[in-house]
Amino acid sequence: MFTDIFVSLLQERKITTYKLTKDTGISNGLITGWTKGGTIPSGENLIKLADYFNISVDYLLGRTENPEINQ
């Protein structure tokens with residue numbers, strides 16, 4: 001679930017793994033692992049990704065179809 005959503009976000013927004021690494025400070029190795037479906041991010045990195053894409057962590061994890069953040 002996470003991998004499909006993550007890869008879709010990268011493709012839809014035309015963001016390369018290199019750019020994501022530079023913008024977030026998350027290692028390219030971790031990001032590559034996530035795109036291949038080997039692992040999912042730690043809680044800290046889920047929050048970084050959600051903030052970066054301006055979406056909810058629940059959306060990233062496939063727990064909701066609504067990407068909006070509840071504030």
Revision key, fill the gap. Here the gap from Thr21 atom OG1 to Asn28 atom CG, rounded to the nearest 0.5 Å, amounts to 4.0 Å
Point to revise | Ile26 side, atom CD1; Asn45 side, atom CG - distance, nearest 0.5 Å | key: 4.0 Å
Revision key, fill the gap. Nearest heavy-atom approach of Ala50 to Ser56 is CB-C, 4.1 Å
Check your understanding: Is there a donor-acceptor pair under 3.5 Å between the side chain of Thr3 and the backbone N or O of Trp34?
Key -> yes
**Study point:** Inter-residue atom distance Ile5.CD1 - Leu49.CG, 0.5 Å rounding
**Key:** 12.0 Å
Point to revise | Same apolar cluster (I L V M F W Y, side chains within < 4.5 Å links), Phe2/Val7 | key: no
Point to revise | Over 12 foreign heavy atoms within 6.0 Å of CZ, Arg63 | key: no
Revision key, fill the gap. Distance col, row Thr35:OG1 vs Gln11:CD, nearest 0.5 angstrom, shows 10.0 Å
Practice item. Carefully, step by step, assess Phe53 and Leu10 under the rule side chain to side chain contact (heavy atoms under 4.5 Å, CB included). Key: CA-CA 9 Å; Phe53 288 113; Leu10 291 173; 3.9 Å; yes
Check your understanding: To the nearest 0.5 Å, how far apart are CG in Asp51 and OG1 in Thr24?
Key -> 11.0 Å
**Study point:** Heavy-atom neighbours of Ile40 CD1 exceed 12 at 6.0 Å
**Key:** no
Practice item. Would you give the length of the straight line joining atom OG1 of Thr64 to atom CD1 of Ile55, rounded to the nearest 0.5 angstrom? Key: 11.0 Å
